[in-house]
Novice: 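A single structure is presented below for examination.
In the text below, chain A, chain B and the rest are named by the order of the sequence lines, each starting its count at 1.
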Protein chains: 2
Amino acid sequence: METAIGVLDAEGLEAVTMRRVAQELGTGPASLYAHVADKQELRELMLDRVAAEIRLPAKPDPARWREQLKEVAMEIRRVYTSHRDIAKVSMGLIPTGPNLLAIAEAQLGLMLAGGVPPKVAGLAVDTLGMYIDADAIEDTFYTATLTGDVDPWEHFQKYVDEIREYLKALPADRYPHIVSLVDDLTDQGGAERFEFGLDVLLRGIASYIEDGGRK
Amino acid sequence: METAIGVLDAEGLEAVTMRRVAQELGTGPASLYAHVADKQELRELMLDRVAAEIRLPAKPDPARWREQLKEVAMEIRRVYTSHRDIAKVSMGLIPTGPNLLAIAEAQLGLMLAGGVPPKVAGLAVDTLGMYIDADAIEDTFYTATLTGDVDPWEHFQKYVDEIREYLKALPADRYPHIVSLVDDLTDQGGAERFEFGLDVLLRGIASYIEDGGRK
DNA sequence: ACCTGAACACCGTTCAAGT
DNA sequence: ACCTGAACACCGTTCAAGT
């Protein structure tokens with residue numbers, strides 16, 4: 001696992017192949033199959049090991065549940081983005097590893113402490129997770145498959161600038177709103193954008209407290 | 001493009017390789033490079049062609065902007081999930097194709113008509129897109145890489161049931177909330193779950209109308 | 001129980017050569 | 001401008017054989 005995460009951090013998830021990890025360990029690819037069933041299992045084990053770095057609040061404070069939930073989300077994002085595109089493994093996965101389970105448990109605890117209806121809390125864990133994963137993936141998308149000799153950030157900026165120019169040059173009669181909002185639309189991957197979406201989600205979740213139901 | 005989408009629909013995005021598409025066309029893989037720069041460009045062209053199936057409201061009705069925005073989101077999800085895991089291509093991509101641009105334009109128009117502040121609308125398009133993509137990907141995640149001889153739905157159900165049993169057997173003292181909310185947590189991929197998250201997002205977006213600002 | 005070499009059936013992309 | 005064959009440098013997984 002350490003070797004696999006080393007390759008992940010250095011070159012991204014795509015570089016973590018069975019053959020590459022085996023090579024790094026000085027052996028052949030077939031040897032790994034004595035320890036994991038397949039590549040998917042290796043990836044899930046990597047994810048849960050990375051998730052161990054995520055720090056959770058010691059105990060829920062009912063008065064601050066929203067702030068605490070927001071902090072947890074930002075902490076998950078911080079850890080995920082510090083390990084390249086590991087969030088891709090999380091996307092669509094029902095958590096089973098001990099560390100991922102502890103995170104879900106903490107999120108549920110915070111929402112229940114805040115008075116969010118249990119059913120809403122259950123669904124919201126999933127929605128929140130999807131949002132965090134999606135944002136973490138976006139954040140590292142264009143830098144993930146690059147080789148070490150190009151500065152990833154520079155490459156990413158160049159890509160976004162190109163798109164920005166392209167969108168600005170669009171016919172304003174056909175895409176008036178896009179043209180006038182180009183800068184907001186291409187403000188990808190920033191922490192500000194993540195916080196905005198998080199606030200939207202938390203406002204939405206909180207709105208279920210008063211009326212307590214679905215509609 | 002037709003051939004590529006044919007392979008996508010039949011066997012999922014992973015099966016859409018340069019070699020496979022070329023083979024389907026009765027030629028060699030190198031021939032494709034006369035028409036697309038690389039595999040990523042092929043994927044983006046596939047996505048925009050699929051996006052042409054998405055039907056948008058004829059014109060925004062300011063009184064019904066939330067319902068209309070919700071309808072658009074559900075329509076995108078419907079079309080994406082009808083083409084296997086094509087949503088994976090959309091994830092993290094800034095739209096540039098004409099059809100994807102038309103969708104973003106329509107979404108912006110609806111929110112602006114509803115009185116959502118422009119900056120919020122700009123960021124919300126991105127947040128909404130991430131949510132739709134993430135849900136569509138979840139919906140097809142475990143069925144995507146299966147070969148034709150196994151019923152994908154049956155396989156998916158078996159997988160979810162296994163996880164459900166595993167979660168139910170967890171120590172209740174360590175994961176009390178997870179154990180008691182197993183059914184809500186494992187209600188993956190349904191249209192109900194999607195609608196819930198969508199409502200959360202729309203409630204959150206609407207909450208910016210009154211106070212008009214960020215905080 | 002763990003490891004290995006060799007093989008099978010694949011990949012994306014390049015490039016010189018053709019029409 | 002478009003297409004091709006052949007090659008390069010890779011993949012995940014299996015399997016018989018070893019320790």
Novice: Using atom P in both nucleotides, what's the gap between D:dA9 and C:dA9 to the nearest angstrom?
Specialist: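 Their P atoms lie roughly 23 Å apart.
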
Novice: Under 3.5 Å between N/O atoms: give me all the protein pairs with nucleotides 12-15 of chain D, atom names plus distance.
Specialist:
from	atom 1	to	atom 2	distance (Å)
D:dG12	OP1	A:Met18	N	3.2
D:dG12	OP1	A:Lys39	NZ	3.3
D:dG12	OP2	A:Met18	N	3.0
D:dG12	OP2	A:Arg19	N	3.3
D:dG12	N7	A:Arg19	NH1	2.6
D:dG12	O6	A:Arg19	NH1	2.7
D:dT13	OP2	A:Tyr33	OH	2.7
D:dT13	OP2	A:Lys39	N	3.1
D:dT13	O5'	A:Tyr33	OH	3.2

Novice: Just how far, in rounded Å, is C1' of D:dC2 from CG of B:Leu25?
Specialist: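 Rounded to whole Å, this separation is 14 Å.
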
Novice: Atom CG of B:Leu32 to atom P of D:dA1: distance rounded to whole Å?
Specialist: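 Nearest whole value for this atom pair: 19 Å.
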
Novice: Who pairs with B:Arg174 by salt bridge (charged side-chain N to carboxylate O under 4.0 Å, His left out), at least two apart in sequence or on another chain?
Specialist: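 Counting only residues at least two positions away or on another chain, B:Arg174 forms no salt bridge (charged side-chain N to carboxylate O under 4.0 Å, His left out).
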
Novice: With a cut-off of 3.5 Å and sequence neighbours excluded, list every side-chain donor-acceptor pair involving residues 23-35 of chain A.
Specialist:
from	atom 1	to	atom 2	distance (Å)
A:Glu24	OE1	A:Arg20	NE	3.0
A:Glu24	OE1	A:Arg20	NH2	3.4
A:Thr27	OG1	A:Ser31	OG	2.8
A:Ser31	OG	A:Gly28	O	3.4

Novice: How would you list, by chain and number, every residue that makes a salt bridge (charged side-chain N to carboxylate O under 4.0 Å, His left out) with B:Arg19, sequence neighbours excluded?
Specialist: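 Here no residue qualifies.
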
Novice: Counting only side-chain N and O atoms of A:Ser31, is one of them less than 4.0 Å from OP1 or OP2 of C:dT4?
Specialist: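 Indeed, a polar side-chain atom of A:Ser31 lies that close.
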
Novice: Could you tell me which residues satisfy side-chain hydrogen bond (donor to acceptor under 3.5 Å, both in side chains) with B:Asp38, sequence neighbours excluded, listed by chain and number?
Specialist: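 Residues passing side-chain hydrogen bond (donor to acceptor under 3.5 Å, both in side chains) with B:Asp38: none at all.
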
Novice: Would you say A:His35 places a side-chain N or O within less than 4.0 Å of OP1 or OP2 belonging to C:dA1?
Specialist: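 Result: no.
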
Novice: Dot-bracket for DNA chain D: what is it, with Watson-Crick or G-U pairs under 3.5 Å, [ ] where a pair crosses earlier ones, and | for a pair to another strand?
Specialist: ||.|||||...|||||.||

Novice: Could you pull out all residues at least two apart from A:Asp161 that satisfy side-chain hydrogen bond (donor to acceptor under 3.5 Å, both in side chains)?
Specialist: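 Partners of A:Asp161 by the side-chain hydrogen bond (donor to acceptor under 3.5 Å, both in side chains) criterion come out as none, since no residue qualifies.
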
Novice: Can you list the residues that meet the salt bridge (charged side-chain N to carboxylate O under 4.0 Å, His left out) rule with B:Glu165, with sequence neighbours excluded?
Specialist: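 Counting only residues at least two positions away or on another chain, B:Glu165 forms no salt bridge (charged side-chain N to carboxylate O under 4.0 Å, His left out).
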
Novice: Checking B:Glu41 now: which residues fulfil salt bridge (charged side-chain N to carboxylate O under 4.0 Å, His left out) with it, not counting sequence neighbours?
Specialist: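 Per chain and number, B:Glu41 pairs via salt bridge (charged side-chain N to carboxylate O under 4.0 Å, His left out) with no residue.
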
Novice: Have a look at B:Leu8 and tell me which of B:Ile86, B:Val21, B:Thr3 forms a side-chain contact (heavy atoms from CB on, under 4.5 Å) with it.
Specialist: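 Only one option passes, and that is B:Ile86.
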
